[in-house]
Amino acid sequence: MHQLTLAEIARGLADKKFSSEELTKVLLARIAQLDPQLNSFISLTEDLALQQAKAADARRANGENGALLGAPIAHKDLFCTQGIRTSCGSKMLDNFKAPYDATVVAKLAAAGAVTLGKTNMDEFAMGSANESSYYGAVKNPWNLEHVPGGSSGGSAAAVAARLLPAATGTDTGGSIRQPAALTNLTGLKPTYGRVSRWGMIAYASSLDQGGPLARTAEDCAILLQGMAGFDPQDSTSIDEPVPDYSASLNGSLQGLRIGVPKEYFSAGLDPRIADLVMASVEELKKLGAVVKEISLPNMQHAIPAYYVIAPAEASSNLSRFDGVRFGYRCEDPKNLIDLYKRSRGEGFGPEVQRRIMVGAYALSAGYYDAYYLKAQKIRRLIKNDFMAAFNEVDIILGPTTPNPAWKLGAKNSDPVAAYLEDVYTITANLAGLPGLSMPAGFVDGLPVGVQLLAPYFQEGRLLNVAHQYQLNTDWHTRTPTGF
Ligand code: GLN
């Protein structure tokens with residue numbers, strides 16, 4: 001049963017082959033048995049899950065239907081869940097039970113999804129390896145000595161190991177697409193504003209976006225359908241109708257114009273990944289796509305710009321964790337300053353502290369113009385490059401990451417080495433564009449992802465291309481040994 005996709009689960013539940021309660025029990029037992037190897041969950045919500053599963057079965061018995069009704073999922077532990085610990089992977093929020101549900105959580109619950117638990121993540125979503133979590137590193141089910149990617153690494157590892165069919169993630173600079181690539185999943189970062197950020201603990205507000213992680217594009221369509229939509233509680237949510245994503249999957253790719261940026265194939269890219277990317281292009285050509293080389297001339301400036309803007313926003317967002325209003329408070333503070341200093345010094349891990357310092361520096365008087373303002377200008381140039389490219393092509397295709405999953409600990413002493421892994425993903429966040437990563441082969445037994453980018457609100461196009469590719473390839477069906 002654990003091999004079923006969301007689409008297959010929906011059919012099985014509709015045909016009364018099994019109940020949501022039965023399925024939920026099977027998956028909870030599987031998590032108890034296998035997750036100790038992976039550490040993909042921070043909290044399990046067994047009671048809630050069984051209660052939601054029974055309620056979904058009752059709704060189905062009353063004639064209700066719906067692709068998510070009774071479907072087991074999990075939430076990255078930065079989506080607020082009422083009465084349930086919402087830790088953001090941090091000691092700072094280890095004792096924080098959210099007083100309300102995030103919009104994404106509430107919407108999926110209303111659609112009948114069953115929440116099995118909260119997944120592990122890099123502390124405050126800062127990272128690409130899931131090693132900065134207060135709850136310990138997550139392991140990649142494809143090789144337990146390797147990282148699963150981050151920051152949504154718990155969601156990715158759990159879905160890849162077939163502990164559950166799909167999970168939510170968030171993507172500020174690649175945190176859905178990069179762990180999807182490193183664990184052989186399909187992951188989609190929607191257009192900025194497509195999915196509500198209300199109740200999603202903020203890292204960098206102008207870049208953060210929630211989205212689905214699943215094994216197939218078909219399942220991403222189902223989960224995204226339950227997450228997307230206008231939310232008056234989020235001032236950057238966009239009031240655009242949500243299309244039927246599942247209905248968009250079967251469009252023909254005849255004449256689809258694919259742009260492959262020449263800048264993607266620079267020295268940093270593992271040549272074996274480059275070969276797999278070109279093989280995926282050949283596959284799409286067979287389906288009728290036409291390919292064109294394009295240029296994104298400002299791409300080289302993306303990492304420096306991102307690593308100014310994201311920490312700047314983080315330094316501001318994380319100022320609310322002061323030992324007074326939320327979460328961790330140090331023992332016996334001597335005075336107010338001591339309370340602030342020690343609560344933050346003890347509650348935040350080293351990567352979060354590093355980013356708060358970088359961000360506060362970049363925003364400080366005298367440096368603001370040189371760093372933050374400059375980074376914002378680069379951001380506009382990057383967006384302009386994409387707008388020009390999308391005048392010529394329908395989607396942009398390239399690698400999701402320059403390397404496959406690295407060994408646990410391998411990049412710990414050099415934060416910049418980890419930042420460089422984000423080179424292909426962060427441009428979509430800087431421009432606010434939707435992006436998807438899909439499985440496209442293996443290198444040394446480790447999965448490789450291909451990234452597709454589309455114009456604003458063209459999530460359906462991304463899902464369509466990925467689905468057609470998945471109908472003609474079987475990379476996404478491969479299961480890690482032992483799971
Ligand atoms: N790796 C990037 C960072 O550390 C992206 C993280 C994310 O998307 N949340 O900032």
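Start at 1 and go down the list; that is how both ligands and their atoms are numbered. Side-chain atoms are counted along with the backbone in the values below, which use heavy atoms only and exclude waters and symmetry mates.
In this model, no donor atom of one side chain and acceptor atom of the other lie less than 3.5 Å apart for D219 and T186. Checking S248 against N464 by side-chain atom types alone, no donor-acceptor pair falls below 3.5 Å.
In this structure, Y307 is part of the shell of residues with a heavy atom less than 4.0 angstrom from ligand 1. Close to ligand 1: G127, with a non-hydrogen atom less than 4.0 angstrom away.
Only the side chain of S151 comes within 4.0 Å of ligand 1, counting heavy atoms alone; its backbone N, CA, C and O stay farther away. Contacts between Y306 and ligand 1, counted as non-hydrogen atom pairs separated by less than 4.0 Å, involve the side chain only. Contacts between K76 and ligand 1, counted as non-hydrogen atom pairs separated by less than 4.0 Å, are absent for every part of the residue.
Between the side chain of Q468 and the backbone N or O of L249, at least one donor-acceptor pair lies under 3.5 Å.
Atoms of ligand 1 found under 4.0 Å from any heavy atom of A125, numbered from 1 in the order shown, are 6 (C), 7 (C), 9 (N). Close approach of ligand 1 to G173 (heavy-atom distance below 4.0 Å) involves ligand atoms 5 (C), 7 (C), 8 (O). For ligand 1, the atoms closer than 4.0 angstrom to any heavy atom of Y203 are 3 (C), 9 (N), 10 (O). Using a 4.0 Å cut-off to heavy atoms of D171, the atoms of ligand 1 that qualify are 8 (O).
Between F41 and Y135 the shortest side-chain heavy-atom distance does not fall below 4.5 Å. Side-chain contact between T81 and D101 is present, with heavy atoms from C-beta onward closer than 4.5 Å.
Distance from atom 2 (C) of ligand 1 to its nearest protein heavy atom, with residue and atom name: D422 OD2, 3.1 Å. Among protein heavy atoms, the minimum distance from atom 7 (C) of ligand 1 is reached at S175 OG, 2.3 Å.
In R380, the CZ atom is not crowded: 12 or fewer heavy atoms of neighbouring residues, nucleotides or ligands sit closer than 6.0 Å.
A tilted orientation is assigned to the rings of Y368 and Y372, their planes being inclined by 30° to 60°.
The aromatic ring centres of Y469 and W475 sit 6.0 Å or more apart.
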